[in-house]
Amino acid sequence: MKELRTRVVIVGAGPAGLLLGHLLQRSGVDNIVLERRSREYVEQRVRAGVIEFGIANLIEDAGAGERLRREGLVHHGVEFRFERNAYRVPLSELADGKSITVYGQQEVVKDLIALRLVAGAPLLFDHEVTVLDGLTSDEATIEAEGADGKTRISCEYVAGCDGSFGVASRSLPARVLRKYERTYPFSWLGILAEAPPISEELIYSRHENGFALYSMRSPTLSRLYLGVRPSETLDAWSDDRIWDELNTRLATEEAPEIRQGPIVERSITAMRSVVVTPMRHGRLFLAGDAAHIVPPTGAKGMNLALADVRVLAEALLAQLQRHDDTLMATYSKTCLERVWRAEEFSNYMTQMLHPSDEDDFENCVQLARLRQAVQSREASTVLARNYVDLNSL
Ligand code: RFL
Ligand code: PHB
């Protein structure tokens with residue numbers, strides 16, 4: 001077995017783990033990032049696309065925003081469609097001039113990997129962490145398995161940035177762990193299509209047949225989603241059926257039909273809300289999806305993950321450089337207040353936009369909520385502020 005030592009072991013090279021590794025490295029704190037997948041896999045994994053105002057600044061301040069600023073699409077509004085009408089919520093006007101940036105999560109990941117490789121900092125792909133030990137003793141140890149055998153690393157702290165169902169959250173002892181969960185009776189079928197977007201802004205639509213979302217990645221790539229039943233599989237969704245359903249659900253009196261193009265990626269994702277507490281146990285800190293999942297309707301998952309890292313990097317640096325552990329002591333509480341705000345907003349967006357198959361009372365309430373969201377300045381201001389910058393409010 002190979003034996004290594006470092007100050008912080010980071011489990012997972014998603015946006016959370018990579019940003020944390022970079023922020024620590026930049027301040028002179030040695031760390032090792034371990035990722036169970038290959039570099040190609042994590043760089044191609046299509047996921048989030050909306051970056052909040054304050055999180056785009058965080059990425060830029062970290063020195064990783066050069067391509068994001070050049071290629072990211074800045075949006076000042078978002079559209080809601082229901083009952084065949086379209087309503088624009090002027091995000092920037094309602095949220096102190098702030099905007100969102102549409103830039104793929106895998107592009108953020110590529111940018112952070114490139115920075116790390118230039119710095120020559122250790123980033124071990126194809127290494128799966130299997131054991132976390134010594135979390136409440138003088139030294140933590142982790143074990144990872146790779147093609148070249150096993151590696152054991154001793155360290156002062158472990159950052160569990162290993163996504164949902166990861167080994168890190170499973171290492172919290174049952175007596176301290178509390179998990180809050182909700183599953184929704186929908187999944188999202190997402191596609192990436194080589195077709196120019198039909199709109200300059202995102203469109204969230206509620207139709208009797210279900211939810212639809214029009215998003216994009218670039219002037220030539222569209223990203224679209226359909227709300228489907230959790231039991232559905234991709235075999236039941238031919239390309240024609242996907243496009244027909246998108247056209248039906250996004251239709252208004254005036255809107256043009258969607259531009260179709262080759263579908264280059266497709267997947268179905270279940271919708272869940274999960275919060276794992278506490279986010280710290282001894283030498284272990286959880287960040288990102290390892291600690292919490294939100295349904296994607298609020299576009300908050302990656303933003304939440306990076307916002308955790310903003311707090312965690314500061315807390316670790318205070319301890320490792322100045323022996324000040326006050327920020328570490330409050331890490332879990334500080335993050336969870338924001339996490340629950342994001343859970344609430346994501347739940348609100350989800351419940352407002354996904355019609356129920358069974359409950360017509362619920363459907364009428366949803367429409368009342370949507371009308372209020374787009375017609376009342378107070379309601380649309382709350383929505384806009386949360387959508388644009390919840391994690392930095
Ligand atoms: P990640 O990105 O899942 O990264 C975790 C990494 O850990 C690795 N790993 C391990 N490595 C070593 N040893 C082990 N034992 C390991 N176990 C796991 C994994 O391979 C992986 O590389 O978590 P992170 O960094 O916390 O980032 C969270 C985000 O990925 C997630 O919240 C977002 O993608 C959620 N999300 C969205 N978030 C937004 O902010 N805006 C959006 O518009 C948005 N849209 C979405 C989304 C998620 C979606 N899906 C597919 C879940 C749309 C969708 C459809
Ligand atoms: C995306 O572009 O992938 C996206 C946008 C908004 C969401 C979720 C996903 O709410």
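Atoms within each ligand, like the ligands themselves, are counted from 1 in listed order.
The Leu34 neighbourhood of ligand 1 comprises atoms 11 (N), 12 (C), with distances under 4.0 Å to a heavy atom of that residue. Near Val167, with a cut-off below 4.0 Å to any heavy atom, the atoms of ligand 1 are 15 (N). Heavy-atom proximity to Glu128, at under 4.0 Å, picks out these atoms of ligand 1: 13 (N), 15 (N). Near Cys161, the atoms of ligand 1 lying under 4.0 angstrom from a non-hydrogen atom of the residue are 5 (C), 6 (C), 7 (O). Listed by number with element, the atoms of ligand 1 under 4.0 angstrom from any heavy atom of Gly163 are 3 (O), 5 (C), 23 (O). Close approach to Val42 involves these atoms of ligand 1, each under 4.0 Å from a residue heavy atom: 22 (O). Of all atoms in ligand 1, numbered sequentially from 1 with element shown, those under 4.0 Å from a heavy atom of Gly12 are 6 (C), 7 (O), 8 (C), 11 (N).
For ligand 1, the polar-atom distance check finds an N/O of Asp289 within less than 3.5 Å of one of the ligand's N/O atoms. Considering both main-chain and side-chain atoms, Ala290 never comes within under 3.5 Å of ligand 1 through any nitrogen or oxygen pair. The shortest N/O to N/O separation between Gly288 and ligand 1 does not fall below 3.5 Å. An N or O contact shorter than 3.5 Å links Pro15 to ligand 1 by distance. Residue Val46 places no N or O, backbone or side chain, under 3.5 Å from any N or O of ligand 1. Considering backbone and side-chain atoms together, Ala16 places an N or O closer than 3.5 Å to an N or O of ligand 1. Residue Asn303 has at least one N or O atom closer than 3.5 Å to an N or O atom of ligand 1.
Nearest protein neighbour of atom 33 (C) of ligand 1, counting heavy atoms only, is Gln105 OE1, 3.4 Å. Nearest protein heavy-atom contact of atom 13 (N) of ligand 1 is Val129 N, 2.9 Å. Of the protein's non-hydrogen atoms, Thr269 CG2, 3.9 Å is the one closest to atom 50 (N) of ligand 1. Remark: minimum distance from atom 39 (C) of ligand 1 to any protein heavy atom is reached at Met302 N, 3.1 Å. Protein heavy atom in closest approach to atom 36 (N) of ligand 1: Ala48 CB, 3.6 Å. Among protein heavy atoms, atom 8 (C) of ligand 1 sits closest to Glu35 OE1, 3.3 Å. The single protein non-hydrogen atom nearest to atom 4 (O) of ligand 1 is Gly14 CA, 3.4 Å, given as residue, atom name and distance. Shortest contact from atom 3 (O) of ligand 1 to any protein heavy atom: Arg47 NH1, 2.9 Å.
You'll find the side chain of Leu68 stays beyond 4.5 Å of the side chain of Glu107, heavy atoms only. Within the 4.5 Å cutoff, side-chain heavy atoms of Leu226 are placed close to those of Arg249. Using a 4.5 Å cut-off on side-chain heavy atoms (C-beta onward), Val50 and Tyr387 make contact.
Looking at Tyr41, Tyr225, Phe125, it is Tyr225 that brings a heavy atom closest to atom 55 (C) of ligand 1. Comparing Arg36, Arg45, Arg37 against atom 21 (C) of ligand 1, the shortest heavy-atom distance belongs to Arg45. Checking Gly166, Ala168, Gly49 against atom 43 (O) of ligand 1, the nearest heavy atom belongs to Gly49.
A salt bridge is defined here as a Lys NZ or Arg NE, NH1 or NH2 lying under 4.0 Å from an Asp or Glu carboxylate O, and Arg88 with Glu79 fails to meet this definition. Here Arg223 pairs with Glu265 in a salt bridge; the nearest charged N to carboxylate O distance falls below 4.0 Å. A salt bridge does not link Glu337 to Arg341: none of the charged nitrogens lies less than 4.0 Å from a carboxylate oxygen. Between Glu245 and Arg241 there is no salt bridge, since no side-chain N of the basic residue sits under 4.0 Å from a carboxylate O of the acidic one. Between Lys110 and Glu43 there is no salt bridge, since no side-chain nitrogen of the basic residue lies less than 4.0 Å from a carboxylate oxygen of the acidic one. Taking a cutoff of 4.0 Å between a charged side-chain nitrogen and a carboxylate oxygen, Asp162 and Arg36 do not qualify as a salt bridge. Electrostatic pairing of Lys98 and Asp389 counts as a salt bridge here, judged by a charged N lying under 4.0 Å from a carboxylate O. Salt bridge Lys2/Asp148: present, at least one basic N to carboxylate O contact under 4.0 Å. Electrostatic pairing of Arg259 and Glu194 does not count as a salt bridge here, judged by no charged N lying under 4.0 Å from a carboxylate O. Under 4.0 Å is where a charged nitrogen must lie from a carboxylate oxygen, and between Arg310 and Glu314 no such pair does.
Atoms CD and CZ, on Glu83 and Arg371 in that order, are 5.0 Å from each other to the nearest 0.5 Å.
Within the 4.0 Å heavy-atom shell around ligand 1 one does not find Glu52.
The cluster map of Ile, Leu, Val, Met, Phe, Trp and Tyr, joined by side-chain heavy atoms under 4.5 Å apart, puts Tyr180 and Val294 in the same cluster.
Using a heavy-atom distance under 4.0 Å as the criterion, the protein contacts of ligand 2 are Arg47, Gly49, Val50, Trp188, Leu202, Tyr204, Leu213, Ser215, Arg217, Arg223, Tyr225, Pro296, Thr297, Ala299.
Less than 4.0 angstrom separates atom 31 (C) of ligand 1 from at least one non-hydrogen atom of the protein. Protein heavy atoms all stay at least 4.0 Å away from atom 48 (C) of ligand 1.
With a heavy-atom cut-off of 4.0 Å, Val11 touches ligand 1 through its side chain alone.
Checked against Asn363 for a side chain to side chain donor-acceptor pair (under 3.5 Å), the options Arg206, Glu208, Glu358 give a single hit: Arg206.
Put simply, the side chain of Ser376 gets close to the backbone of Ala379: a donor and an acceptor are under 3.5 Å apart.
Remark: aromatic rings of Phe211 and Phe186 are distant, center separation not under 6.0 Å. Between Tyr214 and Tyr204, the gap from one ring centroid to the other reaches at least 6.0 Å.
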Using the rule given for side chain to side chain contact (heavy atoms under 4.5 Å, CB included), can you reason through Lys300 versus Met349, listing the C-alpha separation, both sets of side-chain angles and the distance that settles it, and then say yes or no?
CA-CA 11 Å; Lys300 290 297 166 221; Met349 290 284 281; over 6 Å; no
